[in-house]
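The block underneath contains the structure these notes are about, expressed in structure tokens.
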Amino acid sequence: MTNHGNRAEKVIKWANRNITAIGLVLLFILIYIAYPGTENAYLLFGATGMSYLNGEYYRFITCLFCHYSLRHLVGNCLALLSVSSLLTPFSGRGKTLFLFLSCGILSETAYAVVTSDLIYDIGASSGVFALIACLLVCYLRFPDQFRFKWYRPDFVIVAVYFVFANSSVTAFLVHCFGFIAGILIGTGMVLTGWLPGHTSDSPD
């Protein structure tokens, strides 16, 4: 097989393994096209303090799929695809989606509890930080299954994102909640045997 054929096969295998993250990214893009950098997205779908929710608890999940700007969108999409490529071969696609959604909802709920001002939060970063935290839990518990080189592009993107994504106090707060949720739920999944779901060489 030619180098071109090998490269194409690797891309197909990567896409199949990371179909969950790819699907989420496509959804992010479609929603951003529908609400391109306007106030509508966060006014309609953003999470905010409990005092201002008026029973609209759906915001804890809808906020995960909206973004303020193209830069915000691109950063979260790259980070999600990168952390998924590191974690999903170990966890499986379904558990990656579960972690993203459950930890994202938990972190946004925690944000609503502690926030007293009418400040809306949108973005996938709370779920992304949860996946990073779960990756750390799995790496510490099963180091032999995570022998990737530190200069891998996906690892570098995750590391840069982790350091530079905290662009505001609100972002930092939500990221902390997401990371804590990822640690807690990831640890629980490991202790109950729900992780690992797959080995690093699994086609899933």
Side-chain angles (χ1 to χ4, degrees), residues 1-34 36 64-67 69-104 123-165 175 178-179 182-183 185-187 189-190 193-204:
M1 185 178 291
T2 65
N3 290 336
H4 179 74
N6 287 332
R7 194 176 300 114
E9 183 179 347
K10 289 180 180 179
V11 170
I12 292 171
K13 185 177 180 180
W14 179 90
N16 179 62
R17 183 187 302 132
N18 294 286
I19 193 67
T20 295
I22 293 171
L24 287 171
V25 164
L26 291 176
L27 185 56
F28 298 162
I29 294 172
L30 289 174
I31 292 173
Y32 184 78
I33 292 172
L64 300 173
F65 298 91
C66 303
H67 293 84
S69 65
L70 183 60
R71 179 181 177 183
H72 189 205
L73 172 69
V74 171
N76 280 343
C77 288
L78 286 176
L80 177 59
L81 290 171
S82 297
V83 72
S84 172
S85 73
L86 297 170
L87 178 63
T88 300
F90 180 81
S91 65
R93 293 171 294 197
K95 295 183 182 71
T96 297
L97 180 62
F98 169 78
L99 283 161
F100 175 82
L101 293 176
S102 62
C103 294
S125 54
S126 56
V128 174
F129 268 78
L131 294 179
I132 294 173
C134 187
L135 176 65
L136 176 62
V137 169
C138 294
Y139 176 80
L140 294 175
R141 179 62 180 83
F142 308 101
D144 290 342
Q145 297 193 43
F146 291 91
R147 293 179 176 175
F148 45 75
K149 297 178 175 64
W150 68 267
Y151 52 82
R152 277 179 51 163
D154 46 9
F155 182 84
V156 172
I157 289 172
V158 169
V160 171
Y161 177 86
F162 184 83
V163 174
F164 292 103
H175 296 166
F179 194 82
I183 291 287
I185 292 182
T187 300
M189 292 171 71
V190 168
W194 203 22
L195 282 175
H198 299 262
T199 59
S200 59
D201 59 354
S202 170
D204 192 18

If you measure only the distance, is there a donor-acceptor pair under 3.5 Å linking the side chains of Thr96 and Thr88?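 Side-chain D/A pair, Thr96 to Thr88: present.
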Please determine, by modelled atom types, if Ser84 and Asn18 share a side-chain donor-acceptor pair under 3.5 angstrom. yes
Give, for atom CD1 of Ile183 and atom OG1 of Thr187, the distance between the pair rounded to the nearest 0.5 Å. 5.5 Å
Rounded to the nearest 0.5 Å, how far apart are OG of Ser125 and CG of Leu80?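 Output value for this atom pair is 11.0 Å.
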The criterion is side chain to side chain contact (heavy atoms under 4.5 Å, CB included); which residues satisfy it with [X], sequence neighbours excluded?
| X | result |
| --- | --- |
| Leu27 | Ile31, Phe65 |
| Leu70 | Tyr32, Leu73, Val74 |
| Ile185 | Phe98, Leu99, Ser102, Cys103, Leu106, Met189 |
| Val156 | Val160 |

Chi angles and distances behind the side chain to side chain contact (heavy atoms under 4.5 Å, CB included) call for Phe162, Val83: CA-CA 11 Å; Phe162 184 83; Val83 72; over 6 Å; no
With a 4.5 Å heavy-atom cut-off, do [X] and [Y] have their side chains touching?
| X | Y | result |
| --- | --- | --- |
| Val158 | Leu131 | no |
| Leu64 | Leu24 | no |
| Thr20 | Lys95 | no |

For Ser82, check side-chain hydrogen bond (donor to acceptor under 3.5 Å, both in side chains) against everything at least two apart and list the hits.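 Result, side-chain hydrogen bond (donor to acceptor under 3.5 Å, both in side chains) vs Ser82: none returned.
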For residues 153-165, which residue pairs qualify under salt bridge (charged side-chain N to carboxylate O under 4.0 Å, His left out), counting only residues two or more places apart or in two chains?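 Salt bridge (charged side-chain N to carboxylate O under 4.0 Å, His left out) check on residues 153-165 returns Arg152-Asp154.
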Please list, one pair per line, the donor and acceptor atoms closer than 3.5 Å that link side chains of residues 132-143 to other protein atoms, with sequence neighbours excluded.
none

Which residues satisfy the ring pair (Phe, Tyr, Trp, His ring centres under 6.0 Å) test with Tyr161, sequence neighbours excluded?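 Per chain and number, Tyr161 pairs via ring pair (Phe, Tyr, Trp, His ring centres under 6.0 Å) with Phe129.
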List for me each residue that meets ring pair (Phe, Tyr, Trp, His ring centres under 6.0 Å) alongside Phe155, sequence neighbours excluded, and say none if there are none.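 Only Phe148 meet the ring pair (Phe, Tyr, Trp, His ring centres under 6.0 Å) criterion with Phe155.
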